[in-house]
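Notes follow the structure.
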Amino acid sequence: MKKIRNFCIIAHIDHGKSTLADRLLEFTKTVTQREMQAQLLDNMDLERERGITIKSHAIQMTYLYQGEEYILNLIDTPGHVDFSYEVSRSIAACEGALLLVDASQGTEAQTISNLYLAINHDLVIIPVLNKVDLPGARPEEIKDEMVDLLDCNREDIIPASGKEGIGIKEILDAIIERVPAPKGDPEAPLQALIFDSVFNSYRGIEVIFRVKNGSIRKGDRVKFMATGKEYIADEIGTLGLSQIPKQVVECGDVGYLISGIKVAKEVKVGDTFTHINRPASEAIVGFSEVKPMVFAGIYPVDTTEFEELREAMEKLQLNDAALVWEPETSAALGFGFRCGFLGMLHMEIVQERLEREFDMTVITTVPSVQFRITNTKDQLLNISAPSEMPEPNHIKSIEEPFINAQIITKSDYIGPILNLCMDKRGILKNQVYLTSERVELQFQMPLAEVVFDFFDKLKTISKGYASLDYDLAGYQESDMVKLDVMLNGEAVDALSAIVHRSKSYEWGKKLCEKLRELIPRQMFEIAIQAAIGQKIIARETVKAMRKDVLAKCYGGDISRKRKLLEKQKKGKKRMRQVGNVEIPQEAFMAVLKIN
Ligand code: GDP
Ligand code: MG
C-alpha cells in the first residue's frame with residue numbers, strides 16, 4: 001500500500017488533460033507508441049469528436065522511482081457540469097490531484113470549482129503550468145495567478161507541455177513525493193467505493209472501484225450497500241490499457257469488478273460495496289442519487305417507429321444510469337417518451353446516440369426543468385412538462401430550481417455579462433478580482449434560464465473569454481405561466497413552454513416570429529398564435545406557397561432542381577405532420593433560439 005498513488009487530473013476544458021494523460025501513459029510504458037492513439041482515454045467516438053471526457057475511467061501505470069516500483073492509478077474525471085457528481089466521486093477515490101492550468105488562458109471556472117472539490121476531499125494539489133510551449137504562453141503572469149489561488153510556493157509549480165512532452169518526469173516524481181500513500185486498514189472489513197461503471201454488451205456492467213479498507217478476492221460474495229443487492233465477484237482485476245484479471249485487489253488500490261450485472265441502474269456511482277460474510281458497519285460517506293435536472297419529450301419522427309424507439313431507449317438505459325424515461329403521449333406528436341437528463345449536454349448526447357447507434361430519427365421537444373406546484377387543494381406536484389401544468393386558477397404557488405453560478409471572465413466583459421445575467425433573472429451575489437484583469441462573478445439565477453441558450457450567449461458576448469460553472473441552490477417561488485402555441489387555431493402541446501410571467505408577452509411575440517421563419521410555406525396559409533390561458537398575445541402568418549415559386553423550380557436548370565429536391569428530402573427526415581401542418585424539428589426547439 002505504501003507504493004500506491006491514486007491521483008486525478010483536474011483542469012478546465014481544453015487545458016490539456018487528455019493530452020497530458022497520454023504522455024504519462026507513454027512515459028511509464030503503459031502503452032507503446034504503436035498503441036497510442038491521440039487522446040486514448042476518450043474512447044467513445046462521441047467523446048473524441050467533441051473533445052471532452054464524458055465518462056470517467058481509471059488506468060494503472062507502474063513507475064520506477066529511485067529503484068523502487070510504484071503503482072500509479074490515474075483516475076479520469078468528466079469535464080462538464082452535467083456530470084459534477086461523478087467528478088466528486090472520482091475525486092473521493094484519490095489522494096492527490098494534478099491541477100493543470102493553460103499557460104495562455106489562466107484559471108477558468110472549472111479550474112476553480114474542481115479545485116474546491118479536491119480541497120474539500122483533502123487532496124494534495126500539484127500545480128502544473130501546462131502548454132508552456134505555446135507562443136502566447138504567459139508563464140510568469142499565470143504562475144502569479146496560481147500562487148494566489150493555491151497559496152502555494154512558486155517553486156512548487158511544474159512547467160509542462162503535454163504536447164511537447166515537457167515536465168513529464170517531474171510530474172511523475174512529484175506524484176510519488178507529494179501525494180501520500182493510501183491510508184485505509186487492510187485487515188478491516190471491506191469497503192470499496194464505486195466511482196464509475198462501464199457498460200460491456202458481452203460481459204455486463206463493469207464496476208470501477210477504489211478499495212478504502214480491507215481487500216477483495218475473486219469469488220467473494222459482496223453486497224452493494226445503497227441498493228442492498230448481492231453479487232459474486234466473478235472477475236476482479238486492475239485496469240491497464242485493458243483489464244488485467246487478478247486474484248485479489250488490495251487495500252488502497254483501484255480495480256474493476258464483473259459479476260453479471262446487466263443493468264446500469266443497479267450500479268450507483270458513490271455506492272459502497274462490502275463482504276456479505278464480514279460486512280462493514282457503514283458505507284463510505286458522500287453517496288447521493290443523481291437526479292435528472294432537465295426534461296424533454298422524445299418522439300419518433302415516423303409514428304410507426306414507436307416500438308423501435310422504446311427498444312432503443314431500453315438499450316441506452318442499460319449503459320446510461322442517469323437517463324430516466326417514461327412513456328408520454330402528446331396530442332400533436334402521438335406516442336413518445338418523457339425523458340430526464342442531467343443537463344443539456346446529456347440530452348444532446350442521448351439524442352445523438354439514438355441516431356447513431358440505433359438509427360432512429362427523433363424529435364425532441366422544448367426542455368424544461370422541474371417545477372414544484374402547490375395546488376389549491378394544498379397538494380405538492382412535481383411538474384416537468386408544460387402539459388402537466390394545472391389550470392391557473394388551481395395553482396396556489398409555483399417554485400422553480402435556482403443555481404449558484406460562477407463565471408470567470410476578463411474585466412472588459414463584466415458589463416455585458418451583468419446585463420445578460422440580469423436579463424436571465426439573475427442576482428449578482430459576489431464579485432472577486434482574481435488578478436487585475438480577471439474577475440469571478442457569482443450569481444444566483446433560475447436553472448430554467450441556463451437550460452435555454454445561456455451558455456451560448458455567454459460565450460458570444462465574452463468572445464469566448466468567460467467560463468461557467470454552477471451548482472444547485474434549491475427551490476424558490478416564481479411567477480411562472482404556461483405559454484401555449486396554436487397553429488390554425490389548434491393548440492400544439494409540444495410547442496408549449498413554461499416561462500416567467502414578466503417575459504411571457506415578449507416570448508410569445510418572439511416565439512411566433514421564430515416559428516414563422518422556421519415553418520416552411522405550405523399549400524395553405526398557417527396562422528401562428530401564442531396564448532396564455534384564453535388570451536391570445538401574439539400572432540404571425542405563414543403565407544401559402546406561391547404557384548410561381550414551384551413553377552420556377554421545375555422550369556429551372558436541372559442541377560438546381562436536383563439540389564432543391566435533395567434539400568427537401570433531407571428536410572423531410574425531421575418533419576412532423578401535426579394536424580395538416582408540417583413542422584420541422586427546429587420549430588420544436590424554437591423557444592431556445594429566441595433572443
Ligand atoms: P482536455 O479538454 O483538458 O482533455 O484537453 P485536450 O488534451 O483535449 O487538449 C485540448 C487542446 O489543446 C488540443 O487541441 C490539444 O492538442 C491542445 N494541447 C494539449 N496540450 C497541449 C500543450 O501542452 N501544448 C499545446 N500547444 N497544445 C496542447
Ligand atoms: Mg479531455
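Because the structure is a prediction, the values reported are computed rather than measured. Both ligands and their constituent atoms are indexed starting at 1 by order of listing.
Of all the heavy atoms of K17, the ones lying under 4.0 Å from any atom of ligand 1 are found in both the backbone and the side chain. Contact annotation: for S161 versus ligand 1, heavy atoms closer than 4.0 Å belong to both the backbone and the side chain. Heavy atoms of D14 found under 4.0 angstrom from ligand 1 belong to the backbone as well as the side chain. When heavy-atom distances to ligand 1 are checked against a 4.0 Å cut-off, L100 has no atom that comes that close, whether in backbone or side chain.
Ligand 1 has no nitrogen or oxygen under 3.5 angstrom from a nitrogen or oxygen of E164. In terms of N/O distances under 3.5 Å, ligand 1 is approached by G16. Looking at ligand 1, you'll find an N or O of G162 within less than 3.5 Å of one of its N or O atoms.
Between the side chains of D320 and H346, at least one donor-acceptor pair of N or O atoms lies under 3.5 Å. For the residue pair K17 and T77, a side-chain donor N or O sits within less than 3.5 Å of a side-chain acceptor on the partner. For the 3.5 Å distance criterion, the side chains of E440 and Y433 fail to qualify, holding no donor opposite an acceptor.
Applying the 4.0 Å criterion to heavy atoms of L134 picks out, from ligand 1, the atoms 26 (N). Each of the following atoms of ligand 1 lies closer than 4.0 Å to a heavy atom of T19: 6 (P), 7 (O), 9 (O), 15 (C), 19 (C), 20 (N). Remark: ligand 1 atoms within the under-4.0 Å shell around heavy atoms of N130 are 23 (O).
Looking at K163, H12, H15 and measuring to atom 27 (N) of ligand 1, the nearest heavy atom belongs to K163. For atom 4 (O) of ligand 1, the candidate residues are G165, S18, G167; the nearest heavy-atom contact is made by S18.
Taking the six-membered ring for Trp, F295 and F341 have ring centres at least 6.0 Å apart. Taking the six-membered ring for Trp, Y70 and Y63 have ring centres at least 6.0 Å apart.
No option in T19, I168, V132 other than V132 meets the side chain to side chain contact (heavy atoms under 4.5 Å, CB included) test with S161.
Residue pairs meeting the side chain to side chain donor-acceptor pair (under 3.5 Å) criterion with at least one member in residues 162-172, sequence neighbours excluded: K169-D173.
Remark: T238 OG1 to I244 CD1 distance equals 4.0 Å, nearest 0.5 Å.
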